[in-house]
Amino acid sequence: EIGGDPHITTWSNEHYEYHGQCDLVMMMDPQFADGLGLDVHIRTKIVRFWSYIHTVAIRIGNDVLEIEGSADAEDDQPHYWINYEYQGELETL
């Protein structure tokens, strides 16, 4: 479980807080979906005296979904990229 202000609870119920700026690998499973693979990465960003999860990237096989947050409470626009295309289309089976 991860909140916008980087409070992280693992599957073994360990709790971590990180209030800096970094990239974290949250999950990596090369055997996911019969070998397609799954990666989940987050990027935190410092704003004044706190940090938040700025970006999440999820890769399954050759497809990548990247979602970007904003520290601006007035910014209600979706910011995402599918396979590196801003607000791109994703074909499903």
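E17 and H15 are linked by a side-chain donor-acceptor pair at a separation below 3.5 angstrom, with hydrogens and angles left out of the test.
One distance of note links OG of S51 with NZ of K45; it measures 11.5 Å at 0.5 Å rounding. Between the CD1 atom of I82 and the CG atom of L65 there is a distance of 6.0 Å, given to the nearest 0.5 Å. H79 NE2 to Y86 OH: the interatomic distance, rounded to the nearest 0.5 Å, is 5.0 Å.
A perpendicular orientation is assigned to the rings of H54 and Y52, their planes being inclined by more than 60° (bins at 30° and 60°).
Placement of I46 and I42 in two distinct hydrophobic clusters is found when ILVMFWY residues are connected by side-chain heavy-atom separations under 4.5 Å, directly or transitively. Taking hydrophobic clusters as Ile, Leu, Val, Met, Phe, Trp and Tyr residues chained together by side-chain heavy-atom distances below 4.5 Å, L38 does not share a cluster with M28. I60 and W81 fall into different hydrophobic clusters, where Ile, Leu, Val, Met, Phe, Trp and Tyr side chains are chained together by heavy-atom contacts under 4.5 Å. Linking Ile, Leu, Val, Met, Phe, Trp and Tyr whenever their side-chain heavy atoms come within less than 4.5 Å puts V56 and W11 in one cluster.
Within the structure, every pair that satisfies the side-chain hydrogen bond (donor to acceptor under 3.5 Å, both in side chains) test and touches residues 34-44, not counting sequence neighbours, is listed here: D23-R43, D39-R59.
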Worked check of side chain to side chain contact (heavy atoms under 4.5 Å, CB included) between L24 and I8: CA-CA 11 Å; L24 296 168; I8 301 165; 4.0 Å; yes

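Side-chain contact between M27 and F32: absent, with no pair of heavy atoms (C-beta onward) separated by less than 4.5 Å.
Here the shortest heavy-atom pairing between N83 and N62 reads OD1-O, 3.5 Å.
By the side chain to side chain contact (heavy atoms under 4.5 Å, CB included) test, Q87 pairs with P78, Y80, sequence neighbours left out.
The backbone N or O of E14 sits less than 3.5 Å from a side-chain atom of T10, completing a donor-acceptor pair.
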